[in-house]
Amino acid sequence: MTVFADFRSVVLDALAQLQAEGRVPSGLDTAAVAMETPRDPAHGDLATNAALVLARPAKLAPRALAEALAEKLRAHPQVRSAEPAGPGFLNLRVDEAVWRAELREAIDLGAGWGRSEIGAGKSVDIEFVSANPTGPLHVGHMRGAVFGDALANLLQAAGWEVTREYYINDAGGQVDTLARSAYLRYLEAHDRSIEIPEGLYPGEYLRDVGAALRAQFGDRFVDQPEEAWLEPIRDFAVARMMDEIREDLAALNIHMDLYSSEKAIAQSGAVEQAIGRLEEMGLIYRGVLEPPKGKLPEDWEPREQTLFRSTAYGDDVDRPIRKSGGSWTYFAPDIAYHYDKTQRGYDLLVDVLGADHGGYVKRLKAAVAALTEGRVPLEARLCQMVNLFKNGQPYKMSKRSGNFVTLRDVIDEVGPDVARFVMLMRKNDAQLDFDFDKALEQSRDNPVWYVQYAHARTASLARQAQEAGFLLDDAGLATADADLLDHPSEMALIRKIAEFPRHVEGGAQAQEPHRIAFYLYDLAGVFHALWSRGKEEEELRFVQASDPEGTRARLALVRATQLTLANGMRILGVTPMDEMR
RNA sequence: GCACCCAUAGCUCAGCUGGAUAGAGCGCUGCCCUCCGAAGGCAGAGGCCAGGGGUUCGAAUCCCUUUGGGUGCGCCA
């Protein structure tokens, strides 16, 4: 329970009293009643819109309802003042002890501080990265990887049961292309001179694969027809690429719970089964699509094909599921794969996709809606492009060129923590500029650094206090007399800490991990401000030998700050540091 | 032509799912270290929330529309 939730229910109790007295009609929907922090602290600690949202259904004037509520609220022992304001807001000032109690709460809960149960144990499957196993991960993948993992952490912190899943596209034409490209490198490893034709992957990273192929197969496939080597080489190369991808993810501290294989799904007959179901529903038919308006592809001609009637579920056009040769398009196994996910009993499916797959979302949702009759919600979270900058110059990437900036390049340069934090300082649906120079800068302009620095300062204070002879176990700190913390700067920090659980809930509900990053930046700012004040105002210095009781209280505040920073960073997947180096 | 995303201070971006006088950092202006907590802190200036309509007690936020950018658009995955 947060302070906000507590006082929201206090307001609802007051409402119930008014209803019992017949002053307010009963049966009002209170879902829209919110308790929030007023933007202007002069307005109080808490503000509710209760009177504004209830006035109309209650057929009362907002101000009058607010006044009636205020009258009841004033009787509450922890409410110091309750004043209607503006169009019908109700501003509350509560006993400062209410806020200070949150410090003890934080220290008692430790790593569990900030956790919420709004997820109520519901299960969610988050599919992310799912890059083709044809090469190392690049920066675009990195954003999806970081976002997906942080979202998973966030939902976990909010009480969801989370599965992290990676879908391996190990069945389509691209892995054949990979095999052919790897075969050339295999020949190269046998000292043949090779030329990489247009359409194959030129990347240097395949040299290692060629050497490994030689070590594995000797010269068995040299001068052999494609039928002889395509499959074994493909399987080998895909496995190699997936190992590399797993390593890339591990370097970012990401560990999937589940890797699902397109090939395995295709071989299990699940595709026929899923499409068969759609067929029974009358959603599969032979037909000719309208050409797109505007500029036509040069070789456009009307063509009859096998289509899924996705327009019946909100898509813009029906989608082909078979190629003219009779084999499935990419979409068909993907339908089967998503059908499989819906049958595993999750309460929610989330797909984290790159913006270039935006056009794919409607048909996926259509397929899932059709197959489950709308029972399993699928949400797509799109991550927009990442633009890299270095020395003020844009840094371009393009996967097939064989000359692209890999995830590993970035991590080698800035480390996983910085990379993750920067990726999470922007909401997922806005484009992101990643500036190497700024990421490594040591100033307030670099949020990563600023937040880490705040955490390091809390650790440094702990060390200092210990040297001065203070005991720092959490059990002891939790009993410190928090009432000694009465300076406005201290109260500001306490209030900021108390907000943390609220941001976890809000962020989880909106599926927006970046909110945690911004909250931490804010929290760090309030903490740094207090620290600096200690320079001018002696009584604000955390460790004061002449004031052991006050020092204990301040150390409790520092500890709560540290826990909040650390727990928040853990949601983002960033390691809290005890020292800056 | 259509779909999805974006547009907020000079710059980079938040804005708690519709609330009060729209916030932060950088940059700019002015303060704060002869010694202990200045890789920082305090204060100030800076806005027609891209334009126009609508919804309502109330809009940066929701709907329509125009403009400008990004991503896609029948057998690539």
Side-chain angles (χ1 to χ4, degrees), chain A residues 4 32 34 36-40 43 47 49 52-53 55-56 61-62 85-89 91 130-132 134 169 171-175 177 262 288-297 300-303 305-307 315-331 333-334 354-362 380 382 384-385 387 425-433 435 438 441-447 449-450 453 457 460-461 464 499 502-503 505-507 509-510 512 514-515 517-519 521-522 525 528-536 541-543 580:
Chain A
F4 302 90
E36 44 201 27
T37 48
R39 198 168 299 156
D40 184 348
H43 289 139
N49 61 355
L52 284 165
V53 299
R56 178 192 294 272
F89 285 100
N91 293 326
S130 295
N132 294 327
T134 55
N169 297 130
Q174 299 213 1
V175 287
T177 304
E262 178 186 357
V288 180
L289 287 178
E290 291 287 311
K293 300 261 177 354
K295 65 168 171 76
L296 277 184
W300 174 271
E301 55 186 46
R303 194 186 291 150
Q305 45 197 344
T306 307
L307 299 166
D315 201 358
D316 306 311
V317 287
D318 292 337
R319 304 293 178 174
I321 55 164
R322 271 189 201 281
K323 302 180 189 176
S324 50
S327 63
W328 300 115
T329 61
Y330 172 78
F331 186 34
D334 216 5
D356 53 344
H357 286 64
Y360 197 63
V361 172
K362 284 186 179 179
L382 297 183
Q384 295 291 326
M385 282 184 36
N387 300 308
M425 277 304 285
R426 198 102 317 155
K427 55 186 172 209
N428 59 290
D429 46 15
Q431 292 189 35
L432 176 136
D433 291 345
D435 187 323
K438 192 152 280 184
E441 194 175 296
Q442 301 198 335
S443 76
R444 181 156 193 175
D445 196 24
N446 178 2
W449 177 85
Y450 193 70
Y453 187 37
R457 270 182 164 172
S460 138
L461 278 169
Q464 242 176 276
E499 281 178 23
R502 221 172 102 81
H503 290 287
E505 290 187 355
Q509 248 151 2
E512 290 179 348
H514 76 273
R515 292 195 197 184
F518 279 94
Y519 166 72
Y521 182 61
D522 238 33
H528 285 308
L530 175 57
W531 170 291
S532 302
R533 281 212 175 203
K535 208 187 72 72
E536 284 146 24
R541 298 177 71 107
F542 294 107
V543 180
M580 302 301 283

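Just so we're clear, the structure is a prediction, and the values are computed from it rather than from any experiment. Proteins come first, then strands; the chains are lettered A, B, ... in the order of their sequence lines, and each starts at number 1.
When the P atom of B:G74 is taken as reference, atom CG of A:D315 falls 12 Å away, rounded to whole Å. Atom OH of A:Y330 is separated from atom C1' of B:C73 by 17 Å (rounded to the nearest Å). Between the CG atom of A:N428 and the C1' atom of B:U71 there is a distance of 14 Å, rounded to whole Å. A straight line from CD1 of A:I321 to C1' of B:G74 spans 14 Å, rounded to a whole angstrom. Between the CE atom of A:M385 and the C1' atom of B:G69 there is a distance of 12 Å, given to the nearest Å. Remark: P of B:A20 and CG of A:N91 are 12 Å apart, rounded to the nearest angstrom.
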Can you pull every protein N or O that's under 3.5 Å from an N or O on nucleotides 27-33 of chain B?
none

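Taking the charged nitrogens against the carboxylate oxygens, A:R502 and A:E499 have no contact shorter than 4.0 Å, which rules out a salt bridge.
When the ring pair (Phe, Tyr, Trp, His ring centres under 6.0 Å) test is applied to A:Y453, the partners found at least two apart in sequence or on another chain are A:W449, A:H528. Annotation: salt bridge (Lys or Arg N to Asp or Glu O under 4.0 Å) contacts of A:R322 (sequence neighbours excluded): none. Contacts of A:D522 classified as side chain to side chain donor-acceptor pair (under 3.5 Å), with partners at least two apart in sequence or in another chain: A:K496. A search for salt bridge (Lys or Arg N to Asp or Glu O under 4.0 Å) contacts involving A:K427 returns nothing, not counting sequence neighbours.
Counting non-hydrogen atoms under 4.0 angstrom, A:P333 reaches nothing in the nucleic acid. Within the nucleic acid shown, A:Q464 comes within 4.0 Å of at least one base atom, counting heavy atoms only. Among the protein residues, A:P320 comes within range of the sugar-phosphate backbone only, with heavy atoms under 4.0 Å from sugar or phosphate atoms but none that close to a base.
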Inset, instruction - Spell out protein contact along nucleotides 2-14 of chain B as letters: B when the base is contacted, S when just the sugar-phosphate is, - when no protein heavy atom is under 4.0 Å; keep the 5' to 3' order. - result: -SSSS-----SSS

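A sub-4.0 Å separation between OP1 or OP2 of B:G37 and a side-chain N or O of A:R541 is present. Here A:Y450 reaches the OP1 or OP2 of B:G41: one of its side-chain N or O atoms lies under 4.0 Å away.
A stacking contact between A:H528 and B:G41 is absent: the pair does not combine a ring-centre distance of less than 5.5 Å to the base's six-membered ring with planes differing by less than 30°.
Aromatic ring pairs are classed by plane angle as parallel below 30°, tilted from 30° to 60° and perpendicular above 60°; the pair A:Y360 and A:F331 is perpendicular.
Remark: the A:Q384 side chain and the A:D429 side chain contain no N/O donor-acceptor pair separated by less than 3.5 Å.
Donor-acceptor pairing under 3.5 Å, judged by distance alone, is absent between the side chain of A:N49 and the base of B:A20. A:R502 contributes a side-chain N or O that forms a donor-acceptor pair with the base of B:C16 under 3.5 Å.
Ranking B:A20, B:C16, B:C42 by closeness to the A:T37 side chain, first place goes to B:C16.
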